[in-house]
S.K.: 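Structure in structure tokens, see below.
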Amino acid sequence: MGKSKPKTMKIPFLSFEFTNNQIREEMHTAFSETFDSQWYVLGKKVEEFEKAYAHFNRVGFCTGVSNGLDALFLSLKALGVGTGDEVIVPSNTYIATFLAVSYVGAKPVPVEPNILTYNIEPANIEAAITSKTKAIMPVHLYGQACEMDAIMDMARKYNLYVVEDNAQAQGASFNGQLTGSFGQLNGTSFYPGKNLGALGDAGAVTTDDSELAQKIKVLRNYGSQKKYYNEVIGYNMRLDELQAAFLSVKLKYLEEWTRQRQEIAGWYNEALKGVGDLILPSVAQGATHVYHLYVIRTKKREALQQFLGERGIGTLIHYPLPPHLQEAYEYLGYNKGDFPVAEEIADTCVSLPMWPGLTKNEVEGISKLIGIFYDK
């Protein structure tokens, strides 16, 4: 019996419809309360969210800031990383990781990832350490925790700071400890598409160090603790009241939405196992994955994307060009071939639809189309 031609589906890469419908009334209430309070910057809503997120992340302190990039920048700044210093970063990451290092005047030093997990390979870090190295910035890419025990051991051995880039992995863990709680300071993003997303730009810094937390609070607010009195040269990098109010609503649902993401990933894994040349996500021993993205790899990426797109399935590439090959970082002097693992990932990865509310039938429909693509 021949295979029936599948119906064209309309499944976007990302949809907020399910989650927005679930929280609509609470979000309207949060807006009204903030609007009626007549206090819109650094008030009770920010304080409430900071307390709630610190509790969620099992850390002593959370400081709300303007976005994830600023969270990483302020973390490095508070630790005294600056001109002449080097910071070890993954060669496979979003550009914000590199930019934060550049913002403080330091040099990003890329280290290759594990080809299976896409996260920085701890065994590759030691060779990149020099007398100028000041910190390691592991990125929990796509939602999977890095192998943090080995990274922390390396940092202790060489007396280095650790600043986690936790923008994609809220709620992930390594050996039972949550990402965003290992480093001296850790930055996260609440960009709308993140697992915990605001309705605009937002971010936070997490830490167990009260003095560092206070430094971040001062730096984010013009270098001031008391209005009109500035003790250091600071910045305007504050989380605003309205975004904090929205995030407090969504935080209550994060664990449920994470379970849905993990269930959806399980459906993909089952349906796509053994299909064509696909390489499916691999999770390191001891790590958990919260699937901010569901990333597969194939040498037929462009053809697969076109095939799915013509049939109504949205996909994206995270990320098509590694930071070391970006025009902005030409000054570092790297060439194509210098970081072959990152380049191979960039040339072959593709992200499939992944969002709470995606149904098993939709995942099976997407997977069936991918099977048909390879059959052809």
Side-chain angles (χ1 to χ4, degrees), residues 68-69 72 76 81 84-148 150-151 154-155 158 160-169 187 277 279-284 287 292-293 295-302 316-351:
L69 172 55
L72 296 175
L76 293 171
V81 180
D85 294 330
E86 295 178 350
V87 178
I88 290 174
V89 295
S91 57
N92 179 47
T93 185
Y94 182 55
I95 195 72
T97 313
F98 275 57
L99 291 175
V101 177
S102 299
Y103 279 13
V104 295
K107 177 184 176 182
V109 177
V111 167
E112 287 275 66
N114 182 306
I115 190 62
L116 296 178
T117 67
Y118 313 132
N119 280 335
I120 192 168
E121 173 55 64
N124 294 339
I125 291 175
E126 190 163 22
I129 295 172
T130 73
S131 60
K132 296 179 180 180
T133 306
K134 196 76 172 281
I136 304 171
M137 188 178 284
V139 180
H140 307 294
L141 201 64
Y142 308 148
Q144 178 175 183
C146 291
E147 296 172 70
M148 288 306 300
I151 292 171
M154 188 66 61
Y158 288 94
L160 304 175
Y161 295 122
V162 171
V163 174
E164 296 171 71
D165 182 338
N166 196 33
Q168 301 184 2
D277 72 338
I279 298 172
L280 304 184
S282 178
V283 181
H292 170 58
L293 299 170
V295 179
I296 59 175
R297 290 200 294 123
T298 171
K299 293 180 180 178
K300 306 180 191 301
R301 178 177 70 189
E302 283 69 26
L316 283 178
I317 298 171
H318 296 85
Y319 302 95
L321 190 67
H324 72 277
L325 296 179
Q326 297 283 355
E327 184 177 353
Y329 283 99
E330 281 184 357
Y331 79 91
L332 292 177
Y334 296 120
N335 298 304
K336 191 168 178 60
D338 286 345
F339 296 95
V341 179
E343 291 168 26
E344 181 180 343
I345 293 168
D347 289 342
T348 58
C349 70
V350 59
S351 302

S.K.: Calculate, to the nearest 0.5 Å, the distance between atoms OG1 and CG belonging to Thr117 and Leu141 respectively.
M.R.: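 Here the rounded value is 9.0 Å.
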
S.K.: Any side-chain to backbone donor/acceptor pair from Asn124 onto Val111? Under 3.5 Å, distance only.
M.R.: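 Such a contact is absent between Asn124 side chain and Val111 backbone.
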
S.K.: Is any side-chain heavy atom of Pro113 closer than 4.5 Å to one of Ile345?
M.R.: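 They are in contact (side-chain heavy atoms under 4.5 Å apart), so the answer is yes.
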
S.K.: As an exercise, state the distance from CD1 of Ile125 to CD1 of Ile151, rounded to the nearest 0.5 Å.
M.R.: 4.5 Å

S.K.: Distance-only, no hydrogens or angles: does the Tyr142 side chain make a donor-acceptor pair with backbone N or O of His318 under 3.5 Å?
M.R.: yes

S.K.: Closer than 3.5 angstrom, by distance alone: can the side chain of Asp277 be matched with the main-chain N or O of Lys299 as a donor-acceptor pair?
M.R.: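 Yes, Asp277 side chain to Lys299 backbone: donor-acceptor pair under 3.5 Å.
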
S.K.: When you check the side-chain N and O atoms of Ser102 and Tyr329, is any donor under 3.5 Å from an acceptor?
M.R.: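 Yes, side-chain donor-acceptor contact under 3.5 Å.
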
S.K.: Hey, are the side chains of Lys132 and Lys107 touching, using non-hydrogen atoms and a 4.5 Å cut-off?
M.R.: no

S.K.: If we ignore hydrogens and angles and just use 3.5 Å, is the side chain of Asn114 paired with the main-chain N or O of Glu121 as donor and acceptor?
M.R.: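 Pair absent, no side-chain N/O of Asn114 close to backbone of Glu121.
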
S.K.: Distance from Cys146 atom SG to Ile136 atom CD1, nearest 0.5 Å?
M.R.: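 Reported to 0.5 Å precision, the distance equals 11.0 Å.
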
S.K.: For the side chain of Glu343 and the backbone of Gly337, is there at least one donor-acceptor N/O pair under 3.5 Å apart?
M.R.: yes

S.K.: Would a distance-only check, ignoring hydrogens and angles, find a side-chain to backbone donor-acceptor pair under 3.5 Å from Asp338 to Asn335?
M.R.: yes

S.K.: Might you work through the side-chain contact (heavy atoms from CB on, under 4.5 Å) test for Val89 and Val139, ending with a clear yes or no?
M.R.: CA-CA 8 Å; Val89 295; Val139 180; over 6 Å; no

S.K.: Say you draw a straight line from CE of Met154 to CD1 of Ile129; how long is it, rounded to the nearest 0.5 Å?
M.R.: 5.5 Å

S.K.: Give the intermediate values and the outcome of side-chain contact (heavy atoms from CB on, under 4.5 Å) for residues Thr133 and Glu86.
M.R.: CA-CA 4 Å; Thr133 306; Glu86 295 178 350; 3.8 Å; yes

S.K.: When you look at Arg297 and Ile115, which way does the side-chain contact (heavy atoms from CB on, under 4.5 Å) test go after all the steps?
M.R.: CA-CA 11 Å; Arg297 290 200 294 123; Ile115 190 62; 3.6 Å; yes

S.K.: Could you go through Met137 and Thr93, starting from their C-alpha distance and side-chain angles, then the distance that decides it, and tell me whether this counts as side-chain contact (heavy atoms from CB on, under 4.5 Å)?
M.R.: CA-CA 11 Å; Met137 188 178 284; Thr93 185; over 6 Å; no

S.K.: Only one of Asp165, Asn166, Ile120 clears side chain to side chain contact (heavy atoms under 4.5 Å, CB included) with His140; which?
M.R.: Asn166

S.K.: I need the Ile317 CD1 to Thr348 OG1 distance, nearest 0.5 Å.
M.R.: 10.0 Å

S.K.: Is it the case that the side chain of Glu112 and the backbone of Val341 share a donor-acceptor pair, with hydrogens and angles ignored and the cut-off at 3.5 Å?
M.R.: yes

S.K.: Would you say the side chain of Asn119 lies within less than 4.5 Å of the side chain of Gln144, judging by non-hydrogen atoms?
M.R.: yes

S.K.: Quick check for you: to the nearest 0.5 Å, what is the distance between Leu293 atom CG and Tyr118 atom OH?
M.R.: 11.5 Å

S.K.: Are side-chain heavy atoms of Thr97 and Pro108 found at a separation under 4.5 Å?
M.R.: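 In short, these two side chains do not touch, never coming nearer than 4.5 Å.
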
S.K.: Can you find a heavy atom in the side chain of Pro110 that is under 4.5 Å from one in the side chain of Tyr334?
M.R.: yes

